[in-house]
Amino acid sequence: MDLVNFYRQKILDHYKNPRNTGQILNFDCRGQLDNPLCGDSIEVFLNVKDNKIRDIKFKAQGCAIAIAAMSMLSEKIKGMDIKEALALGQREILKMLGIPLSTTRLQCGMLGLLAIKKCLTQNPKLE
């Protein structure tokens, strides 16, 4: 199997079987964003303790790229320091997905990360 095919299969797996879905009832922060161009919507819930992300859950509707990227990202940031999570960007999303994305699809792939950053930076409980 070639590398591009491998990454496509990985994306489909995370799309069909997303990890960390649901809601945390006693969350420390919540972030929600929509992508009107594509119809994607992602809502994230985080538990944070000692400046580390202890748990993450999310609800998402949308395309395979948005959901797969959010699923992969949810696995990546568990246990991560808040500053490390805030430093993540486009390069890390593209590396996780492993395939090139058009500008429109890149917005889909970045939606979950932007929702996480919104959650972490716009919540008075975390200051």
Side-chain angles (χ1 to χ4, degrees):
M1 180 186 312
D2 65 34
L3 200 55
V4 172
N5 234 3
F6 168 77
Y7 281 108
R8 284 189 181 135
Q9 291 302 317
K10 183 178 174 186
I11 289 167
L12 285 175
D13 178 46
H14 276 271
Y15 172 63
K16 291 178 182 177
N17 307 294
R19 283 54 154 189
N20 301 303
T21 58
Q23 180 176 346
I24 298 171
L25 296 179
N26 296 315
F27 57 85
D28 294 309
C29 71
R30 175 190 161 274
Q32 195 275 327
L33 285 175
D34 299 311
N35 179 355
L37 295 174
C38 197
D40 300 327
S41 178
I42 294 180
E43 182 177 22
V44 297
F45 306 88
L46 298 176
N47 273 350
V48 178
K49 185 174 181 182
D50 300 326
N51 287 316
K52 290 202 182 288
I53 298 168
R54 298 296 179 193
D55 197 10
I56 179 171
K57 298 283 185 201
F58 72 94
K59 295 179 180 181
Q61 293 181 323
C63 69
I65 294 295
I67 292 173
M70 183 65 234
S71 175
M72 290 178 205
L73 188 57
S74 72
E75 291 184 316
K76 181 178 183 72
I77 70 165
K78 271 190 185 181
M80 190 177 275
D81 184 81
I82 290 175
K83 287 182 182 180
E84 288 177 298
L86 290 173
L88 295 174
Q90 177 178 318
R91 183 178 53 204
E92 288 82 12
I93 296 298
L94 289 171
K95 185 176 179 183
M96 278 190 318
L97 291 170
I99 60 170
L101 297 177
S102 68
T103 303
T104 304
R105 287 291 176 212
L106 183 58
Q107 290 176 355
C108 300
M110 291 293 293
L111 191 64
L113 179 59
L114 296 175
I116 289 168
K117 288 183 177 192
K118 180 180 179 183
C119 177
L120 291 171
T121 58
Q122 296 182 359
N123 192 300
K125 280 175 109 177
L126 299 179
E127 293 175 358

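Put simply, CD1 on Ile93 and CG on Leu114 are 8.5 Å apart, with the number rounded to the nearest 0.5 Å. With rounding to the nearest 0.5 angstrom, the CD1 atom of Ile11 is 10.0 Å from the CE atom of Met96. Atom CG of Leu46 and atom CD1 of Ile56 lie 5.0 Å apart (nearest 0.5 Å). With rounding to the nearest 0.5 Å, the separation of OG in Ser71 from NZ in Lys16 is 14.0 Å. Here the CG atom belonging to Leu111 is positioned 8.5 Å from the CD atom belonging to Gln32, to the nearest 0.5 angstrom. Distance check: Met110 CE to Gln90 CD gives 6.0 Å after rounding to the nearest 0.5 Å.
Looking at Ile67 and His14, their side chains never come closer than 4.5 Å, going by heavy atoms from C-beta outward. Side-chain atoms of Leu120 and Ile53, non-hydrogen and from C-beta on, do get closer than 4.5 Å to each other. The shortest distance between side-chain heavy atoms of Lys10 and Met72 falls below 4.5 Å. Within the 4.5 Å cutoff, side-chain heavy atoms of Met70 are placed close to those of Ile116. Contact annotation: the side chain of Leu106 approaches that of Leu94 to within less than 4.5 Å [non-hydrogen atoms, C-beta and beyond].
Here the closest non-hydrogen pair linking Cys119 and Val44 is CB-CG2, 4.2 Å. In terms of heavy atoms, Ala115 sits closest to Leu33 at N-CD1, 3.4 Å. Scanning both residues, Gly62 and Tyr15, for their nearest heavy atoms gives O-CE1, 3.9 Å. Residues Phe58 and Ser74 approach most closely at CE2-OG, 4.1 Å, considering heavy atoms.
The main-chain N or O of Leu88 is found under 3.5 Å from a side-chain atom of Lys117 such that the two form a donor-acceptor pair. A donor-acceptor contact shorter than 3.5 Å links the side chain of Asp40 to the backbone of Cys63. Looking only at distances, a side-chain donor or acceptor of Asp81 sits under 3.5 Å from a matching main-chain atom of Lys83.
Legend: residues meeting salt bridge (charged side-chain N to carboxylate O under 4.0 Å, His left out) with Glu75, ordered by chain and number and at least two apart, are Arg19.
Pairs passing the salt bridge (Lys or Arg N to Asp or Glu O under 4.0 Å) check and including a residue from residues 53-72, sequence neighbours excluded, read Asp55-Lys78.
The local environment of NZ in Lys118 is crowded, with over 12 non-hydrogen atoms from other residues, nucleotides or ligands closer than 6.0 Å. Annotation for Gln61: atom CD does not count as buried by contact number, only 12 or fewer foreign heavy atoms lying within 6.0 Å.
Note on Leu12 and Leu97: separate hydrophobic clusters, where clusters join Ile, Leu, Val, Met, Phe, Trp and Tyr whose side-chain heavy atoms are under 4.5 Å apart, directly or indirectly.
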If you apply the rule disulfide bond (SG atoms under 2.5 Å apart), what do you find for Cys38 with Cys108, and how did you get there?
CA-CA 7 Å; Cys38 197; Cys108 300; 3.6 Å; no

